[in-house]
Amino acid sequence: MLLHGVTGHGARWRRTAEGHLAGRRVIAPDLRGHGRSPYEPPWTADRHVADVLAMLDVEGVERADVVGHSFGGMIALHLARTAPERVRRLVLLDPAIGLDPAFAGREARGYLAPVSFADAAEARAFRAARWPKASPGLLDEEVEAHLEPLPDGRLRWRFEPAAIVGAYSEMARPHVPPPVDVPAHLVIATQSDLVRPEFVVDCRATLGPGLTISEIESGHMLYVDRLAETGALLNSWLDGPVDAR
């Protein structure tokens, strides 16, 4: 189960899944308020967890390896705490957990007036400026998969702005560590400065040898900036033995 970050969508994982997780069954949903999923509230962590559990039930999956990036990492962590029996292993890719409230508030207010574009080329240029290390093909896929028309003919990304504001509120909640009975791998993007040091300390203290920590020289969008390295890390760790504690 691959969970995307705020304003994202499940199709962003396609290259990771096809290039590095081949042979595995991969589920990569659009979270509530994102992509082509329902936009109705509530947009709380609890609601997202319930949505993911419902999807696992529908897909007939009893236990899954769960990978979450950014906001998806927060959802993955709360999923593991809510239903540890459903999570075999947990990977947190530069998770947005316990964010500084002032920072989260500034980011949230930026989505009160959503950005729109005259055409796909303008949208692509916008995304390229924010993903300077992305391949041209990935940028084209993002534009094709994630744009929708507005009534006035302009284009915007497929997400509910109010849901994004709600997501930043949830990411500003005080952090909690993963449960002790789920092996966890925390992957930190060294150029991002998003993962809070106190979260790392708490994870170490709580999980002990059940925690693996890796760093990737990358910005926050690990699987965009460093697709091969991130994919290889996921493949290697998910191929390893499951801690039978």
Side-chain angles (χ1 to χ4, degrees), residues 1-37 48-49 51-77 79-80 86-96 124 127-128 130-131 133-147 157-159 182-189 192 212 214 216-242:
M1 175 72 79
L2 306 179
L3 302 179
H4 64 78
V6 70
T7 78
H9 57 107
R12 281 185 182 170
W13 294 107
R14 187 181 69 81
R15 291 195 175 202
T16 300
E18 293 180 353
H20 301 279
L21 302 177
R24 293 181 174 88
R25 183 183 181 193
V26 173
I27 303 171
D30 293 345
L31 295 172
R32 180 178 293 264
H34 294 74
R36 291 172 171 81
S37 280
H48 287 296
V49 166
D51 288 343
V52 173
L53 287 172
M55 175 161 286
L56 290 175
D57 290 342
V58 167
E59 296 291 335
V61 177
E62 288 297 321
R63 292 181 77 205
D65 294 324
V66 180
V67 178
H69 171 250
S70 193
F71 176 63
M74 190 200 73
I75 302 307
L77 183 149
L79 172 66
R86 306 297 298 274
V87 180
R88 188 170 66 156
R89 284 172 293 206
L90 178 66
V91 183
L92 304 175
L93 294 178
D94 214 42
R124 189 184 187 283
R127 183 56 65 210
R130 284 151 182 80
W131 294 359
K133 297 181 181 180
S135 70
L138 195 151
L139 291 169
D140 293 338
E141 291 168 9
E142 178 74 4
V143 167
E144 182 178 354
H146 200 35
L147 281 177
W157 305 118
R158 291 181 185 271
F159 60 78
V182 177
H185 193 159
L186 173 62
V187 183
I188 299 172
S192 169
T212 300
S214 298
I216 293 180
E217 291 291 329
S218 169
H220 181 55
M221 292 300 295
L222 295 157
Y223 61 110
V224 170
D225 288 1
R226 300 294 292 271
L227 172 62
E229 185 174 348
T230 303
L233 181 149
L234 289 176
N235 184 57
S236 176
W237 200 70
L238 295 177
D239 267 347
V242 178

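In this structure T212 satisfies the side-chain hydrogen bond (donor to acceptor under 3.5 Å, both in side chains) test with no other residue, sequence neighbours excluded. A search for ring pair (Phe, Tyr, Trp, His ring centres under 6.0 Å) contacts involving H69 returns H220, Y223, not counting sequence neighbours. Checked against side-chain hydrogen bond (donor to acceptor under 3.5 Å, both in side chains), E62 has no partners two or more places apart in sequence or in another chain. Scanning for side-chain hydrogen bond (donor to acceptor under 3.5 Å, both in side chains) contacts around T16 gives an empty result, with sequence neighbours left out. Shown here are the side-chain hydrogen bond (donor to acceptor under 3.5 Å, both in side chains) partners of S192, two or more places apart in sequence or in another chain: D94. Residues that satisfy the ring pair (Phe, Tyr, Trp, His ring centres under 6.0 Å) test with F71, not counting sequence neighbours, are H48.
Closest approach of S214 and L233 over heavy atoms only: CB-CD1, 3.8 Å. In terms of heavy-atom proximity, P95 sits nearest to G73 at CB-CA, 4.2 Å. I75 and V49 get closest at one heavy-atom pair: O-CG2, 3.9 Å. Contact record, R89 with L238: NH2-O, 2.7 Å, taken as the closest heavy-atom pair. Of all heavy-atom pairs spanning G5 and S70, the tightest one is CA-CB, 4.1 Å. When all heavy atoms are compared, the tightest approach of A189 to L222 is CB-CD2, 3.5 Å.
The shortest side-chain heavy-atom distance between W13 and V67 falls under the 4.5 Å cut-off. Using a 4.5 Å cut-off on side-chain heavy atoms (C-beta onward), L31 and D51 make no contact.
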For the pair L79 and L53, evaluate side-chain contact (heavy atoms from CB on, under 4.5 Å) and give the outcome as yes or no after the intermediate values. CA-CA 8 Å; L79 172 66; L53 287 172; 3.4 Å; yes
Assess whether side-chain contact (heavy atoms from CB on, under 4.5 Å) is satisfied between V182 and V66, documenting all intermediate values. CA-CA 11 Å; V182 177; V66 180; over 6 Å; no
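A donor-acceptor distance shorter than 3.5 angstrom exists from the side chain of H146 to the backbone of T7, with no hydrogens or angles considered. The closest donor-acceptor contact from the side chain of T230 to the backbone of R226 lies under 3.5 Å. In this structure, D225 contributes its side chain and G219 its backbone to a donor-acceptor pair below 3.5 Å. For R158 (side chain) and L147 (main-chain N/O), a donor-acceptor pair under 3.5 Å exists by modelled atom type.
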Taking only distance into account, with no hydrogens and no angle test, what donor-acceptor pairs under 3.5 Å do side-chain atoms of residues 133-142 form with protein atoms, sequence neighbours excluded?
unit_1: S135; atom_1: OG; unit_2: R15; atom_2: NH1; d: 3.3
unit_1: S135; atom_1: OG; unit_2: L138; atom_2: N; d: 3.1
unit_1: D140; atom_1: OD1; unit_2: R124; atom_2: NE; d: 2.7
unit_1: D140; atom_1: OD1; unit_2: R124; atom_2: NH2; d: 3.4
unit_1: E141; atom_1: OE1; unit_2: R14; atom_2: NH2; d: 3.3
unit_1: E141; atom_1: OE1; unit_2: R15; atom_2: NE; d: 3.3
unit_1: E141; atom_1: OE2; unit_2: R14; atom_2: NH2; d: 2.5
unit_1: E141; atom_1: OE2; unit_2: R15; atom_2: NE; d: 3.1
unit_1: E141; atom_1: OE2; unit_2: R15; atom_2: NH2; d: 2.9
unit_1: E142; atom_1: OE1; unit_2: H9; atom_2: NE2; d: 2.9
unit_1: E142; atom_1: OE1; unit_2: R12; atom_2: NE; d: 3.2
unit_1: E142; atom_1: OE2; unit_2: R12; atom_2: NE; d: 3.1
unit_1: E142; atom_1: OE2; unit_2: R12; atom_2: NH2; d: 2.8

Using distance only, find each side-chain donor-acceptor pair of residues 22-30 under 3.5 Å and give its atom names and separation, not counting sequence neighbours.
unit_1: R24; atom_1: NH1; unit_2: N235; atom_2: OD1; d: 2.9
unit_1: R24; atom_1: NH2; unit_2: D239; atom_2: OD1; d: 2.6
unit_1: R25; atom_1: NH1; unit_2: E59; atom_2: O; d: 3.1
unit_1: R25; atom_1: NH2; unit_2: E59; atom_2: O; d: 3.0
unit_1: R25; atom_1: NH2; unit_2: E59; atom_2: OE1; d: 2.6
unit_1: D30; atom_1: OD1; unit_2: G10; atom_2: N; d: 2.7
unit_1: D30; atom_1: OD2; unit_2: R36; atom_2: N; d: 2.8

